[in-house]
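As structure tokens, the structure follows; a few thoughts come after it.
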Amino acid sequence: MITAAEMAKRREEMLAAAFHLFSERNIDSVQLKEIAAATGYGLRSVNRYFQTKDALVVDVAVWAWESFTKVNRKRSPEKTGTAAEAYAFFLDSFLRLYREHADLLRFNQMFNVFLRAQRVDAERLGHYTGIADALRERFHAVYCKGQQDGTLRTDVPEEKMFSATLHLMLAAVTRYAVGLAYDAGVDPEEELTELRDMLFARYTL
């Protein structure tokens, strides 16, 4: 009889195999039998853990982002540093994504396309929406600290600062991760760092 630990291990291996395939190819083109072949457990086993492909794709997204966040949070200066230092960490996390986790950025790009194409509703997204909510809550804590220590531009509405930072940085690092650059001679590191520095200067005191 399979133990709970063995079941968790199998599920983890399936998620990792699916993530690798999804990050390299269009998600629609990846078949469940390919994921089964990559793990060696068989198609029936994959179907036992994930009832539909939509469910698998969403669970892969949750697994991938939680894995990154868990490690990244250990570096955070939120509790000991100033609000400006915590905001700098927030910005630098996007650069770390580009440098160390380009596969996650590629997956996320294709994941968003998949969601729109499949019209996956909020109910089926389940725990995935909680990841964005947790990020927003952490940013709220940074913003509140900025109101106390005076190192952030809190005359700028919190939602505006959060939205601009998230969307500009995520769009930029994703563009370079998937290879969309107009000039073959461009230095992604230089341009991403410049964007990071501009946002930092815009929102800190």
Side-chain angles (χ1 to χ4, degrees), residues 1-80 86 89-90 92-142 166 170 173-174 177-178:
M1 185 174 179
I2 300 175
T3 67
E6 289 172 330
M7 290 179 66
K9 179 176 178 293
R10 288 188 179 189
R11 185 176 186 276
E12 180 94 2
E13 290 173 352
M14 291 174 190
L15 290 169
F19 173 75
H20 174 73
L21 291 169
F22 290 156
S23 65
E24 293 298 323
R25 292 162 47 187
N26 185 297
I27 292 175
D28 282 329
S29 72
V30 178
Q31 300 181 28
L32 292 181
K33 65 181 181 180
E34 294 178 85
I35 297 168
T39 61
Y41 288 125
L43 183 57
R44 287 186 178 181
S45 291
V46 174
N47 287 328
R48 189 176 301 119
Y49 284 85
F50 309 99
Q51 294 183 348
T52 65
K53 184 175 180 180
D54 284 5
L56 171 60
V57 173
V58 172
D59 282 355
V60 168
V62 172
W63 171 80
W65 279 113
E66 284 188 339
S67 298
F68 169 76
T69 302
K70 183 179 179 180
V71 174
N72 194 52
R73 285 198 69 172
K74 294 179 180 179
R75 307 184 181 105
S76 175
E78 288 177 23
K79 294 182 179 179
T80 58
F89 173 81
F90 186 65
D92 290 339
S93 295
F94 292 98
L95 299 183
R96 186 170 293 111
L97 268 172
Y98 172 73
R99 293 167 182 155
E100 303 174 12
H101 303 279
D103 54 351
L104 177 52
L105 291 170
R106 292 194 301 270
F107 166 78
N108 195 62
Q109 173 75 358
M110 289 181 277
F111 175 68
N112 288 325
V113 172
F114 179 82
L115 291 184
R116 289 193 294 272
Q118 297 298 113
R119 297 181 180 179
V120 178
D121 57 35
E123 184 177 350
R124 283 194 291 167
L125 284 175
H127 186 47
Y128 177 76
T129 58
I131 297 174
D133 291 340
L135 182 62
R136 192 180 298 273
E137 288 174 8
R138 288 178 60 200
F139 191 87
H140 175 69
V142 173
L166 174 64
L170 187 57
V173 294
T174 298
V178 300

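This chain uses plain numbering: 1 for the first residue, then up along the sequence. Computed from a predicted model, the values in this text were never measured in an experiment. Values below: every heavy atom of this structure, side chains too, minus hydrogens, waters and symmetry copies.
- In this structure, Leu56 and Leu15 have side chains that are in contact, with non-hydrogen atoms separated by less than 4.5 Å.
- Other residues, nucleotides and ligands place more than 12 heavy atoms under 6.0 Å from the CD atom of Glu6.
- The line from CD1 of Ile27 to CG of Leu115 is 8.0 Å long, rounded to the nearest 0.5 Å.
- Phe111 is not listed as a side-chain neighbour of Val120, based on a closest heavy-atom distance of 4.5 Å or more.
- At a threshold of 4.5 Å between non-hydrogen side-chain atoms, the residues Asp103 and Arg106 count as touching.
- Separation of the Phe107 and Phe19 ring centroids falls under the 6.0 Å cut-off.
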Q: Tell me, with the steps shown, if Asp92 and Arg75 meet side chain to side chain contact (heavy atoms under 4.5 Å, CB included).
A: CA-CA 11 Å; Asp92 290 339; Arg75 307 184 181 105; over 6 Å; no

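- Under the 4.5 Å side-chain criterion, counting only non-hydrogen atoms from C-beta, Met110 is not in contact with Val178.
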Q) When you look at Phe94 and Leu166, which way does the side chain to side chain contact (heavy atoms under 4.5 Å, CB included) test go after all the steps? A) CA-CA 9 Å; Phe94 292 98; Leu166 174 64; 3.8 Å; yes

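- Of all non-hydrogen atoms in Thr174 and Gln109, the two that sit nearest each other are CG2-OE1, 3.5 Å.
- If you take CG on Asp59 and CG on Asp54, they are separated by 11.0 Å, rounding to the nearest 0.5 Å.
- For the atom pair Asn72 CG and Lys74 NZ, the distance stands at 11.0 Å (nearest 0.5 Å).
- Considering CZ of Phe68 and CG of Asn108, their distance stands at 11.5 Å, rounded to 0.5 Å.
- Note that CE of Met7 is 8.5 Å distant from CZ of Arg48, once rounded to the nearest 0.5 Å.
- Taking the side chain as every heavy atom from C-beta outward, Phe114 and Val57 approach each other to under 4.5 Å.
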Q: Check the pair Glu66, His127 against side chain to side chain contact (heavy atoms under 4.5 Å, CB included), reporting the backbone distance first and the verdict last.
A: CA-CA 11 Å; Glu66 284 188 339; His127 186 47; 2.6 Å; yes

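- Using a 4.5 Å heavy-atom cutoff, the side chains of Tyr41 and Ile35 are not in contact.
- In this structure, the side chains of Phe89 and Arg96 come closer than 4.5 Å at one or more pairs of heavy atoms.
- When side chains are defined from C-beta on, Arg138 counts as touching Thr69, because their heavy atoms get closer than 4.5 Å.
- Taking CG of Leu105 as the reference point, atom CG of Leu170 lies at 6.5 Å (rounded to 0.5 Å).
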Q: May I have the step-by-step check of side chain to side chain contact (heavy atoms under 4.5 Å, CB included) for His20 and Glu24, ending in yes or no?
A: CA-CA 6 Å; His20 174 73; Glu24 293 298 323; 4.2 Å; yes

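- What you find for Ala36 and Gly42 is that their closest heavy atoms are CB-C, 3.4 Å.
- With hydrogens and angles disregarded, a donor-acceptor distance shorter than 3.5 Å links the side chain of Arg124 to the backbone of Arg119.
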